[in-house]
Amino acid sequence: REIRMALILSFVVSLVGILRVLATPAASLPEAIAITSALFVIVSSSILLGASLPFLLQSLNAGPANAATSIQVIMDILGVFLTCLISTFLLTLLSPTFESAFAYT
């Protein structure tokens, strides 16, 4: 049930996200795809991690009530990491000029 909800919510948020990015005059299609893909993965992982973390904490004899604050910190760190990783990968793949921006001459 949580997987289905994660996919539905991720799709809806990503759809709004891509429309928002494309509404920005300076945004390109590769940038929109990269941001939307990162948003989809972040929302999906947040829902799945949020659903499973209380059970994990309970099995470790830690109070499941600690899950709310733990998930915020974990998703803040994971969100930045996933955005950088996915955006770098997709922009390198989709945009031929992106990789050359990091080349040293």
Side-chain angles (χ1 to χ4, degrees):
R1 187 174 79 132
E2 279 77 15
I3 293 173
R4 189 181 82 184
M5 185 54 66
L7 292 175
I8 291 169
L9 188 58
S10 297
F11 177 76
V12 170
V13 171
S14 296
L15 182 63
V16 172
I18 196 165
L19 293 175
R20 171 63 179 97
V21 172
L22 290 175
T24 305
S28 66
L29 185 61
E31 292 168 346
I33 292 170
I35 295 297
T36 303
S37 300
L39 184 59
F40 184 88
V41 172
I42 290 167
V43 172
S44 298
S45 62
S46 176
I47 292 171
L48 296 175
L49 193 59
S52 62
L53 192 59
F55 299 113
L56 177 66
L57 289 175
Q58 188 175 15
S59 70
L60 297 172
N61 293 326
N66 296 327
T69 54
S70 300
I71 192 71
Q72 289 174 345
V73 173
I74 292 169
M75 285 314 301
D76 283 346
I77 296 167
L78 190 61
V80 171
F81 175 74
L82 287 172
T83 301
C84 292
L85 183 72
I86 292 169
S87 294
T88 301
F89 174 74
L90 288 177
L91 289 175
T92 303
L93 186 69
L94 298 174
S95 178
T97 59
F98 180 77
E99 192 174 64
S100 64
F102 293 103
Y104 295 105
T105 55

Participant: Give the cluster check for I47 versus V73: same hydrophobic cluster or not, with ILVMFWY residues linked at side-chain heavy-atom distances below 4.5 Å.
Facilitator: no

Participant: Count I, L, V, M, F, W, Y as connected when their side-chain heavy atoms are under 4.5 Å apart, and connections chain through other members. Are L60 and L53 then in the same cluster?
Facilitator: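 Yes, it is one cluster - the side chains of L60 and L53 are joined through contacts under 4.5 Å.
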
Participant: Can you give me the closest heavy-atom contact between S37 and I86, atom names plus distance?
Facilitator: CB-CG2, 4.0 Å

Participant: For the pair S59 (side chain) and L56 (backbone), establish whether a donor and an acceptor sit closer than 3.5 Å, ignoring hydrogens and angles.
Facilitator: yes

Participant: Out of curiosity, I71 CD1 to S52 OG, how far, rounded to the nearest 0.5 Å?
Facilitator: 7.5 Å

Participant: Within this structure, what is the CG-CZ distance for the pair L7 and R4, rounded to the nearest 0.5 Å?
Facilitator: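 L7 CG to R4 CZ: 10.0 Å, rounded to 0.5 Å.
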
Participant: If you take all heavy atoms of L90 and I33, which pair is closest and at what distance?
Facilitator: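 Nearest heavy atoms, L90 then I33: CD1-O, 4.1 Å.
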
Participant: Tell me, do S87 and T83 make a side-chain contact under 4.5 Å, heavy atoms counted?
Facilitator: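 S87 vs T83: side chains touch.
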
Participant: Among L9, L48, V12, exactly one meets side-chain contact (heavy atoms from CB on, under 4.5 Å) together with V43. Which residue is that?
Facilitator: L9

Participant: Is it the case that more than 12 heavy atoms not belonging to L85 sit under 6.0 Å from its CG atom?
Facilitator: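 More than 12 heavy atoms, drawn from other residues, nucleotides or ligands, come within 6.0 Å of this atom.
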
Participant: Can you get from I3 to F40 by hopping between Ile, Leu, Val, Met, Phe, Trp and Tyr side chains that sit under 4.5 Å apart?
Facilitator: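 Cluster IDs for I3 and F40 match.
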
Participant: Sub-3.5 Å donor-acceptor pair from the side chain of S10 to the main-chain atoms of S44, do we have one?
Facilitator: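 A pair under 3.5 Å: yes.
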
Participant: Show the nearest heavy-atom pair for residues S45 and L82, with the distance to one decimal.
Facilitator: OG-CD1, 4.0 Å

Participant: Would you say V80 and F89 are hydrophobically clustered, going by side-chain heavy atoms of ILVMFWY under 4.5 Å?
Facilitator: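 Looking at the clustering, F89 is in a separate group from V80.
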
Participant: Given the rule that I, L, V, M, F, W and Y join up when any side-chain heavy atoms are under 4.5 Å apart, are I18 and V13 in one cluster?
Facilitator: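 As far as the 4.5 Å side-chain criterion goes, V13 and I18 are not connected within one cluster.
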
Participant: State, with a plain yes or no, whether a side-chain heavy atom of L78 is found less than 4.5 Å away from one of I42.
Facilitator: no

Participant: Output the distance between atom CG (L15) and atom CG (L39), rounded to the nearest 0.5 Å.
Facilitator: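 With rounding to 0.5 Å, CG (L15) is 10.5 Å from CG (L39).
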
